[in-house]
Number of protein chains: 2
Amino acid sequence: MDSRTLCLGLLAQGAASGYELKKLLEGPLRHFVDASFGSIYPALARLAAEGLVACTEQAQDRRPDKKVYQLTPQGRLALLDALINLPGRDRFRSDFAALMLFADLLPVRHLSELIDEKLAEQEAALAELAALREGGASLPQEFVAGLAAAMIGAARDYLDENRHMIESHALQNVVTPSAT
Amino acid sequence: MDSRTLCLGLLAQGAASGYELKKLLEGPLRHFVDASFGSIYPALARLAAEGLVACTEQAQDRRPDKKVYQLTPQGRLALLDALINLPGRDRFRSDFAALMLFADLLPVRHLSELIDEKLAEQEAALAELAALREGGASLPQEFVAGLAAAMIGAARDYLDENRHMIESHALQNVVTPSAT
DNA sequence: TTTAGAATATATCGTATCGATATAATCGGT
DNA sequence: ACCGATTATATCGATACGATATATTCTAAA
């Protein structure tokens, strides 16, 4: 999903500034969608130029000016259109998994540390997702959070139960052959 | 993981041409890593210029020329270095999940179709991964395939059991309000 | 049999995106 | 008093994706 559609979709749930959109994307949603400032601001500017969002500049008291964007009727139509013509396959990019593929090049100690870190990261993400579901989220958000939790939980369990596989494999080459 | 490191890592398991690397990435590995021709060829060219891989041009009989790349000792060191200084967090980008977030904008019929398609896609991926594990793969590949299977399987089960949640939610707005 | 399409093989180009950085004011803590 | 975090917008370089171009050969259907 391109940043344009993403911005439109988020604005469909309420007006917001670019900064606020970015903050939204740093929450539990980040497991499935994201966009950087470098994508959001140009996207909003272009959407505004095309009349798909309306921009209201709000001079704040003791804060920098805030540009609040809200969806126009044309914007809502464009969003609907984009959502329907959106096949876009899922893409999971994992440096961790890539490292596991190259496990026989790494010292076991390092490998074990990586797995420990990954497990801790997963526990933290699961806790955050559980909190989201307790403290009222919208139903679609809850649904998506549940999906994330299911996948992360499965990955954690798998790692926990099968790490010995890869760790004993890496054990074969104990020390990386020294340079030159 | 950048294309450079990825190419080095793949070449560490054996010499190959750019085209062959791309084919590798279209297999079951694609669930975790990928790179396009537009990344692979420039990466290989730069690695060759830096002396991290050696290129041997092989004029083939009834095929276009093939440029076979293989890791040099310096390349192996560079790879090891890159792998160790590689934290890089995992990033899962899912248009499907994003669409679920915006479920209340979509007609239920469309939503149900999307879920059906996703389930079919997951079944296919699981079958492919199972086949990989039967027909001998290396241990790291088997490990990573298992991780992929665990996550995809969990997502499939969650979708199967919870789709009614999101489907009955979308039901509220039966028809998208007509244009203009 | 012809002919369309898939496969083998390399390469480039426009657009999109990330991550870092710049700027600027104010708030919170030590 | 001062440092760092927070709120807020914006740009820039490096990188990556996806589509496309080129050329040949193999395969399968019309």
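Since we're looking at a predicted model, the values are computed, not measured. Every heavy atom of this structure was used, including side-chain atoms; hydrogens, water molecules and symmetry mates were not. In the text below, chain A, chain B and the rest are named by the order of the sequence lines, each starting its count at 1.
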Under 4.0 Å between a side-chain N/O of [X] and OP1 or OP2 of [N], yes or no?
| X | N | result |
| --- | --- | --- |
| B/S36 | D/dA16 | no |
| B/R46 | D/dT15 | yes |
| B/S17 | C/dT10 | yes |

Using nucleotides 11-13 of chain C, report all nitrogen or oxygen pairs with the protein that are shorter than 3.5 Å.
from: C/dA11; atom 1: OP1; to: B/K67; atom 2: NZ; distance (Å): 2.2

For [X] and [N], what is the distance between atoms [atom1] and [atom2] respectively, to the nearest whole Å?
| X | N | atom1 | atom2 | result |
| --- | --- | --- | --- | --- |
| B/L44 | D/dA16 | CG | P | 13 Å |
| B/I40 | C/dT10 | CD1 | C1' | 12 Å |
| B/E26 | C/dA9 | CD | C1' | 13 Å |

Same apolar cluster (I L V M F W Y, side chains within < 4.5 Å links), [X]/[Y]:
| X | Y | value |
| --- | --- | --- |
| A/L25 | B/L101 | yes |
| B/V68 | B/F37 | no |
| B/L24 | B/Y69 | yes |
| A/L129 | A/F32 | no |

- Message: Quick check for you: among D/dT6, D/dC17, C/dC18, whose closest atom lies nearest to any side-chain atom of B/A35?
- Response: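 Nearest listed nucleotide: D/dC17.
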- Item | Short side-chain to backbone donor-acceptor contact, B/S112 and B/V108, under 3.5 Å | yes
- Query: For the helix from C/dT1-D/dA30 to C/dT30-D/dA1, what is the angle between the axes at its two ends, each from 5 pairs, rounded to 10°?
  - Reply: 40°
- Identify whether the distance between the nearest side-chain nitrogen and carboxylate oxygen of B/K66 and B/E57 falls below 4.0 Å. no
- Message: Minimum heavy-atom separation for B/C55 and B/K67, please, with both atom names.
- Response: SG-CB, 3.8 Å
- Message: Applying a 4.0 Å non-hydrogen cut-off, can you work out what B/R91 is touching in the nucleic acid: base, sugar-phosphate, or nothing?
- Response: sugar-phosphate
- Message: For the CE atom of B/M151 and the CZ atom of B/R156, what is their distance to the nearest 0.5 Å?
- Response: 14.5 Å
